[in-house]
Amino acid sequence: MTHAAHALCNRYAAILSSAAGDGGRTGVRVAGAVHCLILKTFLQAPPTFLLNHLLTAYAKSGRLARARRVFDEMPDPNLFTRNALLSALAHSRLVPDMERLFASMPERDAVSYNALITGFSSTGSPARSVQLYRALLREESVRPTRITLSAMIMVASALSDRALGHSVHCQVLRLGFGAYAFVGSPLVDMYAKMGLIRDARRVFQEMEAKTVVMYNTLITGLLRCKMIEDAKGLFQLMVDRDSITWTTMVTGLTQNGLQLEALDVFRRMRAEGVGIDQYTFGSILTACGALAALEEGKQIHAYITRTWYEDNVFVGSALVDMYSKCRSIRLAEAVFRRMTCRNIISWTAMIVGYGQNACSEEAVRAFSEMQMDGIKPDDFTLGSVISSCANLASLEEGAQFHCLALVSGLMRYITVSNALVTLYGKCGSIEDAHRLFDEMSFHDQVSWTALVTGYAQFGKAKETIDLFEKMLANGLKPDGVTFIGVLSACSRAGLVEKGCDYFDSMQKDHGIVPIDDHYTCMIDLYSRSGRFKEAEEFIKQMPHSPDAFGWATLLSSCRLRGNMEIGKWAAENLLETDPQNPASYVLLCSMHAAKGQWTEVAHLRRGMRDRQVKKEPGCSWIKYKNKVHIFSADDQSHPFSSRIYEKLEWLNSKMAEEGYKPDVSSVLHDVADADKVHMISHHSEKLAIAFGLIFVPQEMPIRIVKNLRVCVDCHNATKFISKITGRDILVRDAVRFHKFSDGTCSCGDFCSIQGNLVYLTLQRRLSREEFKEVLRIILYRSTNGINEKITFTKLRRLQIFKATQRSYYLFLPKLLLSHMHKSLPELHGIPAEVPNFLDLKFKSFLAFQICRDILVRDAVRFHKFNNGTCSCGDFW
């Protein structure tokens, strides 16, 4: 080659090196032009080193096909040529081609191994990188470089393989690379991610030249290991801090629940004039959302607008999330609509935000818009929209999303499966929820909690507690939500002692600090069982006063039991806690109305008017053919109103034949009984049920949703309707699910828990089995045969206390008591009223069980009942 040709080659090589550095379209254009010049200039094969530069330029400009063509046409490729193509194949993640080229290489060096190790790790095969590294160590002619060891440190970190990490670290020290920041920084990161923070600090301290990157890496590790003070100390020691340092502190403090400190660090960052990027904005907006700091969030939003970051999809998504968590869903919506570019994260933030702000219908609508925009959902997006369907109790849409999960392959993600278990549980299909739970290959804490809560909402206390015990047996740690489900189940079943044990275990064994919902469950547990003094003592021992829902729960139980003293105390505190809450007025009105104290009722209503407190109107709705039909009491606006009322009249006549008697206790007006019966006969849920009976096919259950709690009469009437029509009726009210089937309800008739004690004497002493049969007769006959299939569980509705060998005290619900005297002629000595010596205060003893000690303090003395005898010696 002449001197001129050699100079020209060097010139072309320099241009190609520059093109390789530029990359992209510019690099391709320059490389192509030089390629043409090479073909024109060299009639024979150009020099290998020049073709190597050409191949590298094409490869780094993203034109792999041209690079391969150059390689294939080279007459004498060398090791550098093969390494260049091997690196390009690894960068493009073409693993089979990369392996074939590596296997065909006549000689290899550390660069060859480095390219393959990097290629395997970048394609999700770190284990194969380990195999290749071990093969490298067996090579006598090749030794690892600092690039090799740096790559293997990252592989060990990805695999969380401590043994491999220590082994690579030993190689670093043996080969003398310990002082290189290029190797030291990944080592610090690896040890920090593995939780070996001492080793990370030792590596950091042994480094002579500590770079900002190493400081940032160690600070990240300390924050990840919750060593907040150490991270702060290291941060203060730094002389030079870059934007990554500040962002690391903001992010770490936010993730550790120190959002206020994160805001302070952000303010200092702004004061020092450090540049803020999208990651800083994302972290600080997360902190504002966690604190519900709307004003600070708005100020940061204004700064984002001034710095032209609002169009950044990452920052826009963080803004949507922040406003959603601050309960400003319309501001979140406005930000979302102004975004010029939206990705799956943006849509998910908006869908989750709608769900968090009780805008579930908008969440479903947003999901549909996302699909129309051609964006495919991921597991988190689909799980979020399914949760919104669960909040709406919309089984039809939820089932469609279930199908989408199956078709799209997202069913394998536990996020989606858990959301579906919750959906079916909240929609009253607890059998489907349990079946789906059984089909899951893996159950986490959320899976168990979803099923436990589903059974609890359905009133199945035994199944709830059994599932909870299985969860503990499987080694899963329950959270606060799990215990809410368990405590509510104990409350509905009257299992006071068991509920107290769970409450204590929650704090002592599981380290869960009770929140308002837990305290409300305990108040409900005591008060539902009529143990108002214990409820009062529990409230006084609480670290803080109950919230509005806690006081309303106590007041509701006082209404059912007629406990005016505790009821007034609860009402006063409820008014103080939430003056605009109508529950205190309504429940107190109900208590006074039950006692005929209409003057007090009028006084309370006048107070509501003066304070402008409005009671939410009751309404019920049913979905039919993708349309929601809403009904209110005495509603005549529906197009099929005449048919609905005809159906109701027919049902009323049939129910009367079956022994139904209207319960007018919920009517708070001083009118005649006939008027009260008329008022309750057209309640919203009855209209919705009549609509369902007309239009919903016979083989399908009727699903009703009500915004308030179902009243005692409607609950009672729905049982009769389910028996008469042979239909399953599911009613979801503001508190729980009721599944009415063949004359019974899944809640165990807690809605009609009011009752009285009766005194039962038998002609002779009965065996246990004979006594059970007597109870079955009582339960069957006193409901006019509605409960045909009597199980031992249903016998628990009759609360029993043995007085003597042939006499018992029975607590009977009101529904049973009304039919008792006429229904059981073969049982003697059952008075229609409670005996005079048993005051009605005994109504509070709901937990009567055989073989229980009961202490009663009357106006004169104490009575301790034990094993059929009383401490007073039956003095009366």
Side-chain angles (χ1 to χ4, degrees), residues 20 23-24 27-28 55-72 77 79-139 142-165 167-169 171-172 182-183 185-187 189-194 217 343-345 376 378-380 408-410 412-415:
V28 172
L55 186 152
T56 304
Y58 275 136
K60 290 191 175 180
S61 299
R63 293 297 186 267
L64 185 60
R66 293 188 187 182
R68 294 182 77 161
R69 193 178 305 120
V70 171
F71 176 82
D72 293 337
L79 180 59
F80 183 91
T81 313
R82 293 184 177 91
N83 284 343
L85 183 60
L86 191 63
S87 298
L89 293 170
H91 183 73
S92 300
R93 302 187 177 188
L94 298 172
V95 176
D97 295 342
M98 180 179 72
E99 288 183 284
R100 277 194 297 271
L101 178 59
F102 184 81
S104 67
M105 291 174 68
E107 60 175 331
R108 305 176 187 125
D109 62 1
V111 177
S112 314
Y113 280 95
N114 292 346
L116 210 61
I117 288 171
T118 305
F120 282 135
S121 62
S122 64
T123 53
S125 303
R128 299 191 66 184
S129 296
V130 177
Q131 294 173 1
L132 196 65
Y133 170 70
R134 287 172 179 157
L136 167 62
L137 295 179
R138 290 192 294 269
E139 289 274 359
V142 183
R143 59 181 283 177
T145 65
R146 59 192 180 94
I147 296 174
T148 314
L149 296 173
S150 178
M152 286 310 301
I153 290 168
M154 295 178 187
V155 168
S157 179
L159 291 171
S160 296
D161 190 334
R162 294 187 178 187
L164 177 63
S167 173
V168 176
H169 191 181
Q171 285 289 340
V172 169
F182 186 79
V183 177
S185 187
L187 269 174
D189 183 61
M190 178 194 73
Y191 282 128
K193 285 180 178 176
M194 291 181 180
T217 303
N343 60 9
I344 185 64
I345 298 172
K376 293 183 179 180
D378 60 9
D379 58 311
F380 192 70
S408 61
L410 295 174
R412 68 180 185 274
Y413 292 98
I414 196 165
T415 310

* Verify side-chain contact (heavy atoms from CB on, under 4.5 Å) between Tyr133 and Val155, making sure each step is shown before the conclusion. => CA-CA 10 Å; Tyr133 170 70; Val155 168; over 6 Å; no
Any donor-acceptor N/O pair, [X] side chain to [Y] backbone, under 3.5 Å:
{"X": "Ser61", "Y": "Tyr58", "result": "no"}
{"X": "Arg146", "Y": "Val183", "result": "no"}
{"X": "Ser87", "Y": "Asn83", "result": "yes"}

Roughly how far apart are [X] [atom1] and [Y] [atom2], rounded to 0.5 Å?
{"X": "Arg82", "Y": "Ser112", "atom1": "CZ", "atom2": "OG", "answer": "10.0 Å"}
{"X": "Gln131", "Y": "Leu116", "atom1": "CD", "atom2": "CG", "answer": "11.0 Å"}
{"X": "Asp109", "Y": "Leu79", "atom1": "CG", "atom2": "CG", "answer": "4.5 Å"}
{"X": "Met154", "Y": "Thr118", "atom1": "CE", "atom2": "OG1", "answer": "9.0 Å"}
{"X": "Ser408", "Y": "Lys376", "atom1": "OG", "atom2": "NZ", "answer": "9.5 Å"}
{"X": "Leu89", "Y": "Phe71", "atom1": "CG", "atom2": "CZ", "answer": "9.0 Å"}

* Considering residues, nucleotides and ligands other than Ile344, do more than 12 of their heavy atoms fall under 6.0 Å from its CD1? ->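 More than 12 within 6.0 Å, yes.
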* To do: Report yes if some heavy atom in the side chain of Leu55 is under 4.5 Å from a heavy atom in the side chain of Phe80; otherwise report no.
  =>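 Result no, sub-4.5 Å side-chain heavy-atom pair not found.
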* Gln171 versus Leu137: any side-chain heavy-atom pair under 4.5 Å? ->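 When only atoms from C-beta onward are counted, Leu137 and Gln171 do touch, with a gap below 4.5 Å.
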Shortest non-hydrogen contact from [X] toward [Y]:
{"X": "Arg68", "Y": "Leu85", "answer": "CG-CD1, 3.9 Å"}
{"X": "Gly119", "Y": "Ala90", "answer": "CA-CB, 3.8 Å"}
{"X": "Leu64", "Y": "Leu94", "answer": "CD2-CD1, 3.3 Å"}
{"X": "Ser150", "Y": "Pro186", "answer": "OG-CG, 3.7 Å"}

* To do: Take Met152 and Ile117 through the test side-chain contact (heavy atoms from CB on, under 4.5 Å) and record every step on the way to the result.
  => CA-CA 8 Å; Met152 286 310 301; Ile117 288 171; 3.9 Å; yes
* **ring pair (Phe, Tyr, Trp, His ring centres under 6.0 Å) contacts in which one or both residues fall within residues 104-123, not counting sequence neighbours** =>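 Qualifying pairs: Phe102-Tyr113.
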* **side-chain contact (heavy atoms from CB on, under 4.5 Å) involving Arg134 - partner list, sequence neighbours excluded** =>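 Counting only residues at least two positions away or on another chain, Arg134 forms a side-chain contact (heavy atoms from CB on, under 4.5 Å) with Val130, Arg138.
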* Are Arg100 and Asp97 within salt-bridge range, i.e. N to O under 4.0 Å? ->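 Between Asp97 and Arg100 there is a salt bridge, with a charged N closer than 4.0 Å to a carboxylate O.
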* salt bridge (Lys or Arg N to Asp or Glu O under 4.0 Å) between Asp189 and Lys193: does it pass, once the steps are laid out? -> CA-CA 6 Å; Asp189 183 61; Lys193 285 180 178 176; 3.2 Å; yes
* **Non-neighbouring partners of Arg128 that pass salt bridge (Lys or Arg N to Asp or Glu O under 4.0 Å), sequence neighbours left out** =>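 Listed in chain order: Glu99.
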* List the steps and the verdict of side-chain contact (heavy atoms from CB on, under 4.5 Å) for Leu410 and Thr415. => CA-CA 9 Å; Leu410 295 174; Thr415 310; over 6 Å; no
* Intermediate values then yes/no, side-chain contact (heavy atoms from CB on, under 4.5 Å), Leu187 and Met190 -> CA-CA 5 Å; Leu187 269 174; Met190 178 194 73; 3.9 Å; yes
